[in-house]
Novice: 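First the structure, which I've put down as structure tokens, then a few questions once you've had a look.
Here is how names work: the chains are called A, B, and so on, in the same order as the sequence lines, proteins then strands, and each is numbered from 1. In this text, all values refer to a predicted model and were calculated from it rather than measured experimentally.
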Number of protein chains: 2
Amino acid sequence: MSPTLVEVSRRAGVSTATVSRVINKSALVTEATRAKVMKAIRELNYHPSRAARMLARQSTETIGVVFPDIQGGFFAEVLHGIDLEVTDTRYHLITAFAHGTQDESSLVEGFLYERSVDGLILMNLALPEEFLKTISTRDMRVVLIDRPAPGFPSVCIDNGTGVVSALAHLTETRGYSRIGFVQGPIGTYDAEERWSACKAFARDKGLILNDSWILNGDFSEGAAFAAIDQLILSGGELPEAFFCLNDHMAFGVMEACRKHGVSIPGDLAVVGFDDGYTARLLRLTTVHVPLHEMGRLAASEAMKGKDEDAAHHVLQTELVIRDSCGSN
Amino acid sequence: MSPTLVEVSRRAGVSTATVSRVINKSALVTEATRAKVMKAIRELNYHPSRAARMLARQSTETIGVVFPDIQGGFFAEVLHGIDLEVTDTRYHLITAFAHGTQDESSLVEGFLYERSVDGLILMNLALPEEFLKTISTRDMRVVLIDRPAPGFPSVCIDNGTGVVSALAHLTETRGYSRIGFVQGPIGTYDAEERWSACKAFARDKGLILNDSWILNGDFSEGAAFAAIDQLILSGGELPEAFFCLNDHMAFGVMEACRKHGVSIPGDLAVVGFDDGYTARLLRLTTVHVPLHEMGRLAASEAMKGKDEDAAHHVLQTELVIRDSCGSN
DNA sequence: CACTTTCCTGTAAGCGTTTACAACTATGAG
DNA sequence: CTCATAGTTGTAAACGCTTACAGGAAAGTG
């Protein structure tokens, strides 16, 4: 089949160790033997076997990415960022998505146990505190995107500032005072942080939170659609604006409004959070999150040595004003 | 570090071969020894090393996915389909994206040479005919998404029928006769097929193709935007409808129209091709392509034995009528 | 010239599995 | 009781690379 080190060494008339030194660019090889070996390598079209290398070196030069999903653009953009960072290195990227059906912990365990990756990037996964502890004892670099945790490198965003910029725009610039919210899934870090910031803003600015305008969501379009649909069908009054804790839910709100002939932004302003690809096309005012940058940072953390410091990155967000939050 | 086969065998008081037989569910092991071994495995929390397995078995149980990109939803949905099919098997998924910057051939070669995957899924890559020939001699299952090629399993879509359904709708149902086109990149199979079908339709139905309404695109939003922008700025007359050979370009057309105050569908009808996630939200009339299904089929082909027949799948498309092609 | 030192190269022992083949045990037949 | 047979288990050689260590040649030193 494919030629091996041994065949190359025979052809070049040197030992396997020397060939190995050449392909690993070790300094201690004469230019002359180097040339001989390179010639043999070229003639045989030799390429080292990844499996054999992994075993011998006890390192895989692979990083694993575990996401809840890959649909909808959000995670895809982070993955894009990761890939950009990994390109041009010798690292490979191996991906696994939970799709809401797979047990997220066992996906992660798979990578951990079979030692198929050197580093792991985990994003928005529901992992028990307990489980994280177990992970941290393993000889693997695990970086979390979305939440800080002691002992782990992580990349998060400044949710608080993002929320404030959005709400300040709605209340101060636009002058709305009757504001509704579509919450994220309880238990996830981003959702909790964003909602806390909303409550803090309301308290600080004397904004009144009306319970019937605080809708439950799970970061999915469908849940937000259903919540608004329900609100309208039940004859409930609408607020002047809805702040949705992510873009997908904003899309759900928009869809529900379209269904019922509620005009945006005429009858209702809508603001999202994330600013994925689709938000721009839908002209959604939203809080921009640097998704690529998050991916790049996470990847560079994951490729660091296992013992390097676990840096904790917090990226800034920025309100992007488009058409969905009021006429200009 | 992690326990190995040897440690398990010692603890269970059996040979490594026996342990191997147990973890591989080989039949020729007494229930009694099986139990002993399983106990030792559990006690040590043993898990086989993927690297060692790869080397010993000469198979990786990994399939590689090479796409031009991962942004924009289109490829992400196919990847989702692939992942769905791979979940619950022991296969891993390793991804690489070209981003327009990487040399696509060398990405593929990487996988080929280092034998890091058993199968490869290639989509919409610009690979020289010559190169495909080289690949086919290798001991690897390569499936192409987007084009048929002798000796390779492939999954394609019925572009012709999709084009006809879209154009028939525009001309017959809507009654438009002045139709413009935004073409895809020359040299790619899908773009060529779709454009051929357009020309055939025009010929058959006596539709007149006006050169100034045949715009060059490269399947990207930006190119389509620029083309329309240019057309409008130069004072050119617009057709009644634009058929864009993929969704992204339709989005570009819509954006350009928005910029210039051209109302869709009032002043101009727009139809796309692909029906990704965003198309539904933008209410774009488009030809639905079963992206998930393509991914699933490709994955199942890729996981087949290397010598099994190379099946050639052609999936059906379906026109999805939304709001962008005329008032209802 | 003998002896270090420096450089380069080779030998061989891993890395953690799988698996062909040999060896052993128990069983039943003759 | 002997021997073939079937069913389990063990031995040891791969798989293709890396790397600690040893060995040898050339060059420098006194």
Novice: Contact class for A/T16 vs. all strands (heavy atom < 4.0 Å): base, sugar-phosphate, or nothing?
Specialist: base
Novice: Can a salt bridge be assigned to the pair A/E130 and A/K133 using a cut-off of 4.0 Å between side-chain N and carboxylate O?
Specialist: no
Novice: OP1, OP2 of C/dG16 versus side-chain N and O of B/S49: anything below 4.0 Å?
Specialist: no
Novice: Would you indicate which nucleotide in C/dG16, C/dG10, D/dG10 comes nearest to any side-chain atom of A/A17?
Specialist: C/dG10
Novice: Quiz question: by atom type and distance under 3.5 Å, do the side chains of B/T188 and B/D190 form a donor-acceptor pair?
Specialist: no
Novice: Expressed as a whole number of angstroms, how long is the span from A/H47:NE2 to D/dC17:P?
Specialist: 12 Å
Novice: Without decimals, in angstroms, what is the distance between A/R10 CZ and D/dG16 C1'?
Specialist: 13 Å
Novice: For the residue pair B/N24 / B/S26, report whether a side-chain donor-acceptor contact shorter than 3.5 Å exists.
Specialist: no
Novice: Walk me through whether A/F111 and A/R138 qualify under side chain to side chain contact (heavy atoms under 4.5 Å, CB included).
Specialist: CA-CA 11 Å; A/F111 286 125; A/R138 294 236 136 212; over 6 Å; no
Novice: Among A/I121, A/L79, A/T87, A/T62, whose side chain to side chain contact (heavy atoms under 4.5 Å, CB included) with A/L93 holds?
Specialist: A/L79
Novice: Show the numbers, then the answer: is there a side chain to side chain contact (heavy atoms under 4.5 Å, CB included) between B/V22 and B/V14?
Specialist: CA-CA 11 Å; B/V22 169; B/V14 299; over 6 Å; no
Novice: Hey, which sits more toward the 5' end of DNA chain C by its nearest nucleotide, B/P3 or A/R34?
Specialist: A/R34
Novice: Please give me every residue in residues 106-117 of chain A whose heavy atoms get under 4.0 Å of an atom in DNA chain D, ordered by residue number.
Specialist: none
Novice: Taking the side chain of B/P48 as its heavy atoms from C-beta onward, which of D/dT9, C/dT9, C/dT17 lies nearest to it?
Specialist: C/dT17
Novice: Do A/Y277 and B/Q71 have side chains that approach each other closer than 4.5 Å (heavy atoms only, starting at C-beta)?
Specialist: no
Novice: Distance check: side-chain N/O of A/T18 vs OP1/OP2 of C/dT9, anything under 4.0 Å?
Specialist: no
Novice: What is the distance, to the nearest angstrom, from the NZ atom on B/K36 to the P atom on D/dT8?
Specialist: 14 Å
Novice: If only side-chain N and O atoms of B/S15 are considered, is one of them under 4.0 Å from the OP1 or OP2 phosphate oxygen of D/dG10?
Specialist: yes
Novice: Salt bridge check, A/E7 against A/R10: does any charged N sit closer than 4.0 Å to a carboxylate O?
Specialist: no
Novice: From C-beta outward on A/R21, which listed nucleotide comes closest to its side chain: C/dT18, C/dG10, D/dG10?
Specialist: C/dG10
Novice: So does B/K39 have more than 12 non-hydrogen atoms from other groups sitting under 6.0 Å from NZ?
Specialist: no
Novice: For B/L44 and C/dG16, what is the distance between atoms CG and P respectively, to the nearest whole Å?
Specialist: 14 Å
Novice: When you compare the side chains of A/E301 and A/H313, does any donor N or O come within less than 3.5 Å of an acceptor on the partner?
Specialist: yes
Novice: Nearest whole angstrom, please: distance from the P of C/dC15 to the CD of B/E7.
Specialist: 10 Å
Novice: Distance check needed: D/dG16 P versus A/I23 CD1, whole Å only.
Specialist: 14 Å
Novice: Check DNA chain D against residues 50-64 of chain A and give the residues with a non-hydrogen atom under 4.0 Å, in numerical order.
Specialist: A/A52, A/R53, A/A56, A/R57
Novice: Is the phosphate of D/dG7 approached by B/T30 (side-chain N or O, under 4.0 Å from OP1 or OP2)?
Specialist: no
Novice: Which part of the nucleic acid, if any, lies within contact of B/S20, taking any heavy atom under 4.0 Å across all strands shown: a base, the sugar-phosphate backbone alone, or nothing?
Specialist: base
Novice: Output the rounded distance in Å from NZ (B/K25) to C1' (C/dT19).
Specialist: 18 Å
